[in-house]
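Encoded as structure tokens, the structure appears first; notes follow it.
So you know, we letter chains A, B, ... as the sequences are listed, proteins then strands, and number each from 1.
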Amino acid sequence: MSFAFELLKTDSTTSARLGRISTLHGIVNTPVFMPVGTQGTVKALRPEDLRHCGAQMILGNTYHLYLRPGHELIRTLGGLHTFMNWPGPVLTDSGGFQVYSLGALRKIMPDGVMFQSHIDGSRHFLTPQKAVGIQEALGSDIMMCLDECTPYPATEKQTADSLALTVKWARSCREAKTNPDQALFGIVQGGTYMDLRRQAVEQIVPIGFDGYALGGVSVGEPKKIMYAITEEISPLLPREKPRYLMGVGTPEDIIYAVSRGVDMFDCVIPTRSARHGLLFTNTQKIVIKNARWREDSNPIDETCDCYTCRNYSRAYLRHLYVAGEILAMILNTIHNIRHYMRLMENIRASIQENRFEEFAKGVLDSKANENNF
RNA sequence: GGAGGGGUUCCCGAGCGGCCAAAGGGAGCAGACUGUAAAUCUGCCGGCGGAGCCUACGGAGGUUCGAAUCCUCCCCCCUCCA
């Protein structure tokens, strides 16, 4: 068993935790933010860009890689790490999010999900067993259970039924797992119903996973609810296992969740926003296409050490974006990912130095000033 | 000199008596994006605080209850023939 989690430190005033995940492909310091690389690539970035930005672990996606190019092909070519030339740790999502996001193209059944491919319309039946099988073929370091990411809004009955399915599938996934070198995480669902969330914990944890995820948040519910779920449920998860808040989030969301004891995050926000021209800084969000940057010779963020900020002006980045140049997406993504990685580095350092609460407050205060821009 | 075609809102371009401040693109301006069907999507885009009014379809007249649309003259542009 090459997967392990070590809890190194817990913050004295909050529930923030400092930890270390060991995998066959390397060490991951937590709290960690994992850039999303759905189709075997973090869009617009080369692996070396990711490394230079400080990325430790990235995501891949079961559903997408199964459809194209096919998990057996990837297995034949040496697994996902080799295939995509990313030697570091990889976490694969199970396709559970696609159960949600491809709502119109799938049918949920007791034993799995009937998907209609968004690529060519062909039909595919994804079961918990298959989801694990695909992820074993991909060779990811952390596999996720197939779940149903319950949509918002959903009635209590719908949510309970959905949760029952997720729990049942979690057991199937656990049983289907054969490779001891790959970790498998369980996922806590339960929508916006706290009782169901607690039940989910009670039912998922005993199955015995290497880590636990909080899923089904950031699907359109009010932020308050997401925070409440995080606050309530995170402490109920086993202390000695990594906690993963799926699909989250904004820098503010991450800081909040870290303060409640969450260790792992992933989100498309930094990468997608970058491609769409929204750039993060400590004090403001920059919509790079805005006319106000037309003649601005400053970098996106004076305090940023990324390749983009060290070499290019806002005016140039605006030009590239407006002109529709590929380089705009590359440079923007490098910046946003580096921004997120620095955020996580700062979070880890502040926990280490027992000043996380102060750090969090500082960041949130400067974020609050965004409204002034 | 002769024959034909054309000048529409920032640009291209439809409209060819009322439903036209004028289709559709583009440009411009702004917004959204949370386990990626996303280099995507949305809104605004003549002026004046709105119902409304004003200014607008090369220019000037005219016909008509009503004109970007019909008529007259003028000014430009393009193609072909001499």
Next item on the list: Measure up the A/Y312 and A/Y307 rings against each other and bin them: parallel (under 30°), tilted (30 to 60°), perpendicular (over 60°).
Entry: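 Rings of A/Y312 and A/Y307: perpendicular, as their planes differ by over 60°.
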- Fit a plane to each ring of A/H339 and A/F280, take the angle between them on a 0 to 90° scale, and name the class: parallel (under 30°), tilted (30 to 60°) or perpendicular (over 60°).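 Parallel: the ring planes of A/H339 and A/F280 meet at under 30°.
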**Asked** Is the shortest side-chain N to carboxylate O distance from A/D263 to A/R17 below 4.0 Å?
**Response**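 Salt bridge: yes.
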Between A/V248 and A/Y63, which has a closest nucleotide on RNA chain B that is more 5'?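 Going by which nucleotide is closer to the 5' end, it is A/V248.
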Side chain of [X], heavy atoms from C-beta onward: which of [options] has the nearest atom to it?
X      : options                : result
A/T38  : B/rA37, B/rU40, B/rU36 : B/rU36
A/R318 : B/rC29, B/rA30, B/rA37 : B/rC29
A/V322 : B/rG28, B/rG35, B/rU34 : B/rG28
A/S94  : B/rG35, B/rU36, B/rU34 : B/rG35
A/V36  : B/rU34, B/rG35, B/rG31 : B/rG35
A/A291 : B/rA30, B/rG35, B/rA37 : B/rA30
A/L105 : B/rU34, B/rA37, B/rG31 : B/rA37

Over-ring placement of A/R314 relative to A/W293, 6.0 Å and 45° cut-offs:
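Judged by the rule, A/R314 and A/W293 form a cation-pi pair.
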Touch class at under 4.0 angstrom, heavy-atom based, for [X] against every strand present:
X      : value
A/L278 : base
A/D253 : base
A/E325 : nothing
A/D147 : base

query: Between A/Y63 and A/F115, does the ring centroid distance fall short of 6.0 Å?
result: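 Ring centres of A/F115 and A/Y63 closer than 6.0 Å.
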Please work out which residues in residues 255-277 of chain A have a non-hydrogen atom less than 4.0 Å from an atom of RNA chain B and list them by number.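 Correct list: A/D266, A/C267, A/V268, A/I269, A/T271, A/R272, A/R275, A/H276.
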Q | Members of residues 180-195 of chain A that approach RNA chain B, where some heavy atom sits under 4.0 Å away | A |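 Residues of residues 180-195 of chain A under 4.0 Å from RNA chain B: A/I187, A/Q189.
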Roughly how far apart, to the nearest Å, are B/rC10 and B/rA27 at atom C1'?
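Result for the C1' pair: 8 Å, nearest Å.
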What distance, rounded to whole Å, do you find between the two P atoms, one in B/rU55 and one in B/rG17?
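So the two P atoms sit 25 Å from each other.
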Q | Hydrophobic cluster membership, A/W86 vs A/L24, 4.5 Å side-chain cutoff | A |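 Per the 4.5 Å side-chain linkage, A/W86 and A/L24 are not co-clustered.
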| B/rA32 pairs with which nucleotide, Watson-Crick or G-U wobble, both distances below 3.5 Å? |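 Base-paired to B/rU40.
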Option from A/D161, A/T159, A/T155 for which side chain to side chain donor-acceptor pair (under 3.5 Å) with A/K157 holds:
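Exactly one candidate clears the test, A/D161.
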